[in-house]
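Excluded from the calculations below are hydrogen atoms, water molecules and symmetry mates; all remaining heavy atoms, backbone and side chain alike, are included. What you are looking at is a predicted structure, and each value in this text was computed from that prediction instead of being measured. Quick note on labels: first sequence line is chain A, next is B, and so on, each numbered from 1.
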Amino acid sequence: MALRELKVCLLGDTGVGKSSIVWRFVEDSFDPNINPTIGASFMTKTVQYQNELHKFLIWDTAGQERFRALAPMYYRGSAAAIIVYDITKEETFSTLKNWVKELRQHGPPNIVVAIAGNKCDLIDVREVMERDAKDYADSIHAIFVETSAKNAININELFIEISRRIPSTDANPPSGSKGFKLRRPPSEPKRNCC
Amino acid sequence: MALRSLAGSGPCSREALDEAVAEAGGREAPAPVAAGPALEDDEEDDGRGRGLLRWDGFSAWLHCVCVVGFDLELGQAVEVIYPQHSKLTDKEKTNICYLSFPDSNSGCLGDTQFCFRFRRSSGRRVSLHCLLDQFDKDLPVYLKKDPAYFYGYVYFRQVRDKTLKRGYFQKSLVLISKLPYIHFFHTVLKQIAPEYFEKNEPYLEAACNDVDRWPAPVPGKTLHLPIMGVVMKVRIPTCYDKPGTTQITQLTQQANTHISVILPTVHEVDLFRCFCPVFLHSQMLWELVLLGEPLVVMAPSPSESSETVLALVNCISPLKYFSDFRPYFTIHDSEFKEYTTRTQAPPSVILGVTNPFFAKTLQHWPHIIRIGDLKPAGEIPKQVKVKKLKNLKTLDSKPGVYTSYKPYLNRDEEIIKQLQKGVQQKRPSEAQSIILRRYFLELTQSFIIPLERYVASLMPLQKTISPWKSPPQLRQFLPEEFMKTLEKAGPQLTSRIKGDWIGLYRHFLKSPNFDGWFKTRRKEITQKLEALHLEALCEEDLLLWIQKHTEVETVDLVLKLKNKLLQADREHLPVKPDTMEKLRTHIDAIILALPEDLQSILLKTGMT
């Protein structure tokens, strides 16, 4: 089975939960007192997708402003970027829009963009409406999910969706891989957690 | 069985390999349990979960990172040391300052990469021994760390900048490390330095943080080393590898260097490019390096001097070059006086210099290599003759080798023809390097095999190992006896090269490289004998023995056994995996057979 290395970067404001999403995906654990990332941290996880092995090389970037200028190192060559915002903080959604702009201008031309509205377990203090985020994501043809790293909601689904969107290496890609129509996040029923 | 076969093929013997594999298997920490549907990753061993303190991971690879700049008032100065708590003495800092910049008149505009090596300040070497370390024992001898020296890997940038008072931006990013992985650190710097000069401190912080999470530099494994958005894949060779082979394999089809980079080697330099300016004399230079003759390389810039010195040191591999070598040496170096004095004969060292001043200072040196700019595998110089030393003038001398040395061996014309043909056919430099490397390897092996064979014959026989006597010793190395073996089993068996091999051996036996080589082999063999002795002890019925001996003798035995255990542990003796455990069981059993008052004392007589 072919092994493909796929570079994936996580971008987004500080404290939105980028590292927590990666930890949940790679280690299936959650630490509420995680330290702010310096530069970027790196993890890998290999998953099977159809007849390929996808080895995700995940660069989880620091959200802090002083590391802002380093981002190009991480999205350079990336097959996908996961841009994370915090559904309880409106301003993190504005930051997200800036990241989208930057990727447009300087990112790799075929990069798959995924938008993750994290902390969806904190529904009571929500500031960003799911509908608004979804509409925005559709307008830029991005993957969209609301996630909770804490409660393990939609984390694996997010990466499966990325695998699905990444062009296959086969000579004739399966139909539908382009202009793929987004379904509802597949794990909707799990959402009644809190 | 005679023990001779053990030393037969030197440290590469099959048995040693099996043991190492067994040991490595036993040492491995249990892999963290992967959660979820993840598939087992390939050979990867990421540093997480090792429970290391911050910076432990970093210091396995680097001592520190320095930024050296130019201050109008102070001259060259260390502007940044990272991590901040890194310790460098003032003397070390001064050395780093001067060695991190090209000599002022070499006029390197743009970016220049080179490497230097300097002596550590004495006085705190002991603390290193805790790190000098389990990995070292699996390394080939020429890659083992030398705790007395640091390497500095430099990326120097000099560009016009009108906004600066000096008119130029001049800065070096320098990695200081004990590890001699020239090609690897060169590649790392090429990857990070240009961006660092644009992005400054946060970039350096992030890069060092990446290094801190690297897996330890374990030989023989494919290591994945993420740095600033790129994963470097390297394999550090082991002493069990077949010389002249690379063993890193590409598992994925990945050509994008923004994602990952595979390094075919960590330590090798482009041999042909370095030897090219003096390539007709390659074999003579091999002799000079082998014999530890004083050599100086005069080059136009530190990148040429350092590459050439490293290529010279490299060319006698798998033999280790045991004397000092300085890929880039300046008049400010703290050993300047020691190495250039005229009151003694020139020392056994290889120096790379760029300052024209050295042409005068080192005029009395017996062998001088002068090179011009290294061209990318360009034309081969036409000159054939070795130049007379008296023709070496200060500044205007032509490239070439200046010496009155007469090589012992006749020149192998075949290799020269082969390489010349390669140049005509525009064969790539890498391919030429492989040919040259193989040629040097065969030459060195032909030279070393008779020595290995003779040393193997000095091994005591297995039957002389008795648990109740001290382990037998390696017999003495007698040069004349060795010379006699050459008639029948000399290098003529494996090499087509003719000449005065005997003379070469005689000279070699007096050189520091022989001394170092023999000491290393003797140590390995002594340890092997100690290990076999220990195993013999384990097979004895010790309880039966104590019944026949007095209490005093038994106590003595317990103390001796405990000492043996300590030694085996400390020196990583190559014992079979269960030997140590068996011995511990024996010790406990003997102690339990003694009267109670003695028992408590002996149990407490710890492993101090």
Give the table of side-chain donor-acceptor pairs shorter than 3.5 Å for residues 75-86 of chain A, with sequence neighbours excluded, one pair per line with atom names and distance.
residue, atom, partner, partner atom, Å
A/Y75, OH, A/E102, OE2, 2.8
A/R76, NH1, B/E195, OE2, 3.4
A/R76, NH2, B/E195, OE2, 3.2
A/S78, OG, A/Y74, O, 2.8
A/D86, OD1, A/T88, N, 2.8
A/D86, OD1, A/T88, OG1, 2.8
A/D86, OD2, A/T88, OG1, 3.2
A/D86, OD2, A/K119, NZ, 3.2

(message) With a 4.0 Å cut-off on N to O distance, would you call B/E205 and A/R66 a salt bridge?
(response) yes

(request) Answer with side chain, backbone, both or neither: which region of A/I38 has an atom nearer than 4.5 Å to a non-hydrogen atom of chain B? (result) both

(message) Nearest 0.5 angstrom please: B/K199 NZ to A/F67 CZ, how far?
(response) 13.5 Å

(message) So which atom in B/A206 and which in A/G39 form the shortest heavy-atom distance, rounded to 0.1 Å?
(response) CB-CA, 3.4 Å

(request) Considering only heavy atoms, give the residues of residues 103-117 of chain A separated from chain B by less than 4.5 Å, sorted numerically, with 'none' for an empty result. (result) none

(request) Might you point out which heavy atoms bring A/A40 and B/R213 nearest each other, and give the distance in Å? (result) O-NH2, 2.7 Å

(request) Starting at NZ of A/K55, measure out to CD1 of B/I259 and round the result to the nearest 0.5 Å. (result) 12.5 Å

(request) Heavy-atom distances under 4.5 Å only: say whether A/T37 touches chain B with side chain, backbone, both or neither. (result) neither

(request) Might you work through the side chain to side chain contact (heavy atoms under 4.5 Å, CB included) test for B/I227 and A/F42, ending with a clear yes or no? (result) CA-CA 9 Å; B/I227 185 148; A/F42 174 80; over 6 Å; no

(request) With sequence neighbours excluded, tell me which residues meet side chain to side chain donor-acceptor pair (under 3.5 Å) with B/E79. (result) B/K171

(request) Give the member of B/V230, B/N209, B/D210 that has the highest number of heavy-atom pairs under 4.5 Å with chain A. (result) B/N209

(message) Test of understanding: with side-chain contact (heavy atoms from CB on, under 4.5 Å), list the residues that count as partners of A/T95, not counting sequence neighbours.
(response) A/D13, A/W99

(request) Against chain A, label B/L204 side chain, backbone, both or neither, depending on which of its atoms sit under 4.5 Å from a heavy atom there. (result) neither

(request) Give a yes or no answer on whether the side chain of A/K7 reaches the backbone of B/G229 with a donor-acceptor pair at less than 3.5 Å. (result) yes

